Amino acid sequence: MKTCQVIANLFLCSICCSFERPHDTRLANDIFTGSDHISNKTDTTRRTNGDTVSVLPSLKAYTRLTFQKTEHIKAAPGTKSVLFNKTGQKLYAMNLEGMSIYEFNQASRRIQREFKFIPTAGTGWDYETNKPISSYQEKPVEACLSHDDKFLWVSLHNAASIVPIPTEPVIGWGIDTTDIRIKQKKIYIEYTGSANKDSIRVPVIATGNTPKVIARTADSKNLLVSNWHSHSVSVLATDTATFPYAKTVSTVPVSAIPRGIVVDEQRKKTYVAIMGGATITVINNETWTKESEIPVASNPRHIVLTDSGRLLVSYNKLARIACIDPVAGKSLFSARTHAQPRTIALSKNHQFLFVTCYSSDKVEVFKVNNNSFTRIASLTCKGHPVGVDIFEDDNKLEAWVCSYNNGTINIFSFAKK
């Protein structure tokens, strides 16, 4: 896959919707600090450094999925990943080649807002020739929501950094002058159906080179970032009351290229898929140091945690998925997939695994049994599918899949039974 130069000015897709901004719109700086710009007084009750929203009501139990239909909606060039918020009302699409982020409304399937970076020269990476190339810094790869979904943390492929973006509607936020040494990037916010445009500046928080996946602890107090070319994991402590809102507290060296990350709150561990090798690195979440290595098959890319404490992993080159017992440190069972399985996502009940298969243009669905995987669907998804996230209500499940090559998000709908 090749990261190429793109035109700086991209326009919103022809799919439109009306987005009404609230009457009481706060400055972005108020979202970050919890201050009230009208009274100019500090309200400490709003300065929470974790997630306070209660868990959503449990969904109705189900054991079967029946495929119903596929929808196609227009996204941007080179969309790399997608992410739903907690309620499932919004989906964020990280447009690597488009140097922007789209905010979709799940119900209408339409774009509500676009966050557009101003491109600056940078050095990218050609994954076909394994050589550096001229590119731009502002290429969103992956993202993580924190603090009751108020912050969208985005990794920038060629900037060796991540940036926090406020998800609540904002208007003109000036440059923070508390520490002018901290680099900032300007982002334009465009509202579909409106001629109005806002701009904000967000702090640039340094990580290692070529940051990829961002994960967080359940309380939103810490973020972890896998750094592809630095062979490391950055651990950051968040502080929503103090600019720049996060800082590195530990850098954990790993044996080779890292990518997928998952946090296990019960065991106080973090598991990192070492895509450039054949291990999963185990990080101790109390000391933020490397604790051990779990030997696995070659080229693990993405990793998720089941409610039983097992790890599910995609093996990109081997075209397989596997279930791993992290305590015993061994693989329990595996299954073959189509070529190049990339991102994997679990259904809310953790009984079904969705797998994007990049070069084979397939999305596969597996039932996760106690001792095996059972393939229940293999669906065509043109344009090299790469990212996936899941929306569910009591009656249906939707897998939203972004295709890198054709600028499309495919929505695969299933009935629950």
Side-chain angles (χ1 to χ4, degrees), residues 1 75 78-84 91-97 101-102 104 127 139-145 154-155 157 210-216 224-226 228 257-263 271-275 280 299-306 311-324 335 337-348 350 352-366 368 373 375 377-392 397-412:
M1 177 171 55
T79 302
K80 189 69 171 175
S81 62
V82 288
L83 177 66
F84 273 110
L91 177 119
Y92 295 93
M94 272 45 71
N95 307 320
L96 186 140
E97 300 298 350
I101 298 160
Y102 285 171
F104 283 90
Y127 289 88
K139 295 206 167 188
V141 187
E142 303 273 354
C144 175
L145 286 160
V154 180
S155 54
H157 190 275
T210 322
K212 298 280 188 174
V213 169
I214 308 174
R216 69 171 176 90
L224 296 102
V225 185
S226 57
W228 183 279
I257 292 168
R259 203 179 196 287
I261 303 177
V262 70
V263 178
Y271 302 101
V272 183
I274 305 303
M275 191 170 176
I280 292 173
N299 199 222
R301 183 190 187 271
H302 201 196
I303 185 169
V304 295
L305 180 71
T306 71
L311 302 175
L312 304 182
V313 181
S314 62
Y315 293 123
N316 177 64
K317 289 182 180 178
L318 298 180
R320 298 193 75 85
I321 53 172
C323 178
I324 294 164
T337 68
H338 277 82
Q340 291 190 298
R342 295 290 176 93
T343 306
I344 56 178
L346 273 169
S347 59
K348 305 303 182 193
H350 286 208
F352 299 92
L353 184 71
F354 292 76
V355 185
T356 62
C357 300
Y358 185 78
S359 62
S360 51
D361 286 351
K362 294 286 187 181
V363 171
E364 301 203 289
V365 188
F366 291 85
V368 183
F373 294 109
R375 183 187 284 106
S378 185
L379 307 166
T380 298
C381 187
K382 295 181 180 180
H384 289 8
V386 59
V388 57
D389 205 2
I390 306 298
F391 167 84
E392 293 187 47
L397 179 150
E398 296 174 355
W400 288 53
V401 180
C402 59
S403 290
Y404 186 82
N405 279 11
N406 63 7
T408 299
I409 290 178
N410 302 274
I411 305 171
F412 299 95

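Everything numeric here is computed off the predicted structure, so don't read it as measured data. Any value given below was found using the heavy atoms of this structure, including those in side chains, with hydrogens, waters and symmetry copies removed. Counting from 1, the numbers follow the sequence of the chain as shown.
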For the residue pair [X] and [Y], establish whether any side-chain heavy-atom pair is separated by less than 4.5 Å.
X    : Y    : answer
C323 : V368 : no
M94  : V154 : yes
I280 : L311 : yes
L379 : V401 : no
V363 : C357 : no
V365 : F412 : no
L397 : F354 : yes
V386 : C402 : yes

Is there a donor-acceptor pair closer than 3.5 Å between any side-chain N or O of [X] and the backbone N or O of [Y]?
X    : Y    : value
H384 : Y358 : yes
T210 : W228 : no
N299 : K317 : yes
S226 : G260 : no
S347 : F352 : yes

Please find the pair of heavy atoms, one from [X] and one from [Y], that lie closest to each other, and give the distance.
X    : Y    : value
L346 : I390 : O-CG1, 3.9 Å
A319 : P341 : CA-CD, 3.6 Å
G383 : N406 : CA-ND2, 3.6 Å
V263 : A215 : CG2-CB, 4.2 Å
A75  : Y102 : C-CE1, 3.6 Å
H350 : L305 : CE1-O, 3.5 Å

Margin query: Using salt bridge (charged side-chain N to carboxylate O under 4.0 Å, His left out), reason through E142 and K80 one step at a time and then give a plain yes or no.
Written below: CA-CA 7 Å; E142 303 273 354; K80 189 69 171 175; over 6 Å; no
Could you state the interatomic distance from [atom1] ([X]) to [atom2] ([Y]), rounded to the nearest 0.5 Å?
X    : Y    : atom1 : atom2 : answer
S81  : K212 : OG    : NZ    : 10.5 Å
E364 : H338 : CD    : NE2   : 5.5 Å
R301 : I321 : CZ    : CD1   : 14.5 Å
I101 : N95  : CD1   : CG    : 8.0 Å
N316 : S359 : CG    : OG    : 8.0 Å
I261 : H302 : CD1   : NE2   : 9.5 Å

Check: So L353 and V304, side chain to side chain contact (heavy atoms under 4.5 Å, CB included) or not? Walk me through it.
Finding: CA-CA 10 Å; L353 184 71; V304 295; 4.3 Å; yes
Next item on the list: Apply the side-chain contact (heavy atoms from CB on, under 4.5 Å) test between T343 and each candidate in V213, T356, V355, V82; give the one that qualifies.
Entry: T356
Checklist line | Pairs flagged by salt bridge (Lys or Arg N to Asp or Glu O under 4.0 Å) wherever residues 380-390 is involved - sequence neighbours left out | finding: none
Next item on the list: On the 0 to 90° scale, with breaks at 30° and 60°, tag the F391-F84 ring pair as parallel, tilted or perpendicular.
Entry: tilted
Next item on the list: Please name all residues satisfying side chain to side chain donor-acceptor pair (under 3.5 Å) with K362, sequence neighbours left out, ordered by chain then number.
Entry: T380
